[in-house]
Amino acid sequence: MSGLYLHIPFCKQACSYCDFYFVTKQNEKEEFVEEFIKEIQSKKNTQFTQEKVRTIYFGGGTPSLLNAKQIGQVLEEIDEVFNLEAEEITLEMNPDDVSREYLSDLNSVGITRASMGVQTFDEKLLKFMNRAHTKAEALQCLEDLSISGLKSYTVDLIYGNPGQSLEMLENDIEILLGFNPPHISAYSLTIEPKTRLGKQFELGRLIPPEDDILAQHFDLVESKLKEVGINQYEISNFARPGFEAKHNSAYWNHENYLGVGPGAHSFWWKSGMKSAERWTNKADLKKYLSGNWENKSDVESLDLQNLVEERLMLALRTTKGLDSDTLKNRYEYELNSKQKDYLLQKAKEGKVDLSDGSLSLTKKGLKITDLIILDIITLG
Ligand code: SF4
């Protein structure tokens, strides 16, 4: 089983925190869709079409800058080329692009899940993030989503913004919960070097919140969502039972995924092989539009040791964790006595759960995930 990630590299404007690949000019969308379809066609009868495709994810960029007809064309082409048995087809969208009609059209062409970039309802913070939408647009799109025929949707929130008080965050959460969303992704603001925020930080004009404030923000998110039955299943992801994202879970489980479009990432681990490959399509729209979409960059070969370390990192960020059979059978890896002693100690401290032959972090442990993962790897 595998997933398809489709990168649509257009945005109306650059959000201040974002380091994804995108361009802000809009006049090449049609040409882009043509090339995109050619790239999909080029995968016909390759190793990528041998496996069933279980999930499709339109990310970016802002996929909702394409119209429903264009999305439909892409999906039709995928159906032609791949062995499609999709259980989930997600499209990222921004509130300022969405209308009831658009959602209904997306539903008709096969989209089953929306991922809505709300981030906050606070007008000042929206400006700080340089988002293209307003609070009113976010409220309207959430109302539209709650009555759309889509099977599910998720809403992105960003906490830990400079100047954001606990009250402001609580207000954001309460407004959002008023719409009864099935899934929420909540991220702590990260300051990436090549972004507008990164530059302000370098110049000393931006002071990020202290770690204890971030921890308070995180606790507030977790507890408010839990109160209404939206449970954490990964560090940044929360869902009502049965609404966990399938596509993202595939990344954490090391399932294969193929990226299409400039800047898209792929991961492929052929069955029975002792190594996997990860690569990125060159993030260059100009070259892409001139038919140069086969350009791979950052090709990385991962051996079993790299893979097991990565899997521990990904799995221990989820509440499900990882079982020892998977470690043994898929990664040929067994924990040594030092690692076992360390984990027993962490279990005594209430940070690790070792029941039923599996390894996962408790709520207390998830707060220091990176530290625990580093310790396990270092002791290996
Ligand atoms: S956060 Fe989304 S909308 Fe904003 S610049 Fe990045 S990709 Fe575009």
Side-chain angles (χ1 to χ4, degrees), residues 5-29 32-33 36 57-67 70-71 74 90-99 102-103 106 111 113-138 140-142 145 153-162 164 172 176 183-201 206 208 236-237 245 247-248 251 259-265 280-285 288:
Y5 172 77
L6 313 173
H7 194 83
I8 313 297
F10 301 100
C11 289
K12 282 187 186 158
Q13 59 194 52
C15 299
S16 58
Y17 54 87
C18 180
D19 74 342
F20 294 135
Y21 176 63
F22 62 90
V23 298
T24 49
K25 50 180 183 177
Q26 305 286 319
N27 55 348
E28 285 164 329
K29 284 189 286 190
F32 169 77
V33 173
F36 200 74
Y57 192 96
F58 285 85
T62 312
S64 54
L65 288 175
L66 297 186
N67 60 42
Q70 291 169 318
I71 302 287
V74 169
T90 306
L91 187 120
E92 283 183 354
M93 46 184 89
N94 280 337
D96 42 316
D97 301 326
V98 171
S99 65
Y102 184 60
L103 291 175
L106 287 179
I111 297 298
R113 185 172 180 269
S115 172
M116 185 64 71
V118 167
Q119 322 307 359
T120 176
F121 296 98
D122 185 287
E123 297 281 11
K124 271 198 193 138
L125 286 181
L126 284 171
K127 282 214 172 73
F128 165 77
M129 294 179 192
N130 199 37
R131 296 289 300 175
H133 70 270
T134 61
K135 175 183 177 182
E137 284 168 329
Q140 184 61 52
C141 86
L142 286 171
L145 264 180
Y153 67 92
T154 180
V155 180
D156 283 356
L157 273 189
I158 297 183
Y159 60 87
N161 294 286
Q164 184 179 27
D172 273 352
L176 179 54
H183 188 288
I184 295 172
S185 297
Y187 303 98
S188 166
L189 180 78
T190 44
I191 299 181
E192 304 291 347
K194 284 181 190 153
T195 61
R196 191 195 286 193
L197 290 189
K199 285 184 192 110
Q200 286 176 358
F201 177 68
L206 182 81
S236 309
N237 286 286
H247 186 82
N248 287 0
Y251 292 150
V260 181
H265 302 280
T280 309
N281 286 3
K282 212 161 180 55
D284 186 334
L285 183 61
Y288 191 83

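The figures that follow rest on heavy atoms only: side chains count, while hydrogens, waters and symmetry mates do not. Atoms within each ligand, like the ligands themselves, are counted from 1 in listed order.
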Checking side-chain polar atoms at under 3.5 Å, does Thr120 have a donor or acceptor matched by the opposite partner on Asp172?
yes
Please list, in number order, the atoms of ligand 1 under 4.0 Å from a heavy atom of [X].
X     : answer
Gln13 : 5 (S)
Cys11 : 3 (S), 5 (S), 7 (S), 8 (Fe)
Phe22 : 5 (S)

Is the closest heavy atom of Glu92 to ligand 1 under 4.0 Å?
-> no
| Test item, Gly117 contacting ligand 1 (heavy atom, 4.0 angstrom) | no
*Take Thr90 and Tyr57 through the side chain to side chain contact (heavy atoms under 4.5 Å, CB included) test and state the conclusion after the steps.*
CA-CA 5 Å; Thr90 306; Tyr57 192 96; 3.6 Å; yes
Would you call the rings of Phe36 and Tyr288 parallel, tilted or perpendicular, taking 30° and 60° as the class edges? tilted
The protein heavy atom nearest to atom 4 (Fe) of ligand 1 is Cys15 SG, 2.3 Å
The protein heavy atom nearest to atom 3 (S) of ligand 1 is Asn94 ND2, 3.3 Å
With salt bridge (charged side-chain N to carboxylate O under 4.0 Å, His left out) as the criterion, how do Lys12 and Asp97 come out once you've worked through the C-alpha distance, each side chain's angles and the decisive distance to 0.1 Å? CA-CA 10 Å; Lys12 282 187 186 158; Asp97 301 326; 2.8 Å; yes
Practice prompt. Return yes when at least one N/O/S atom of Cys18 is nearer than 2.8 Å to atom 4 (Fe) of ligand 1, and no when none is.
Written response: no
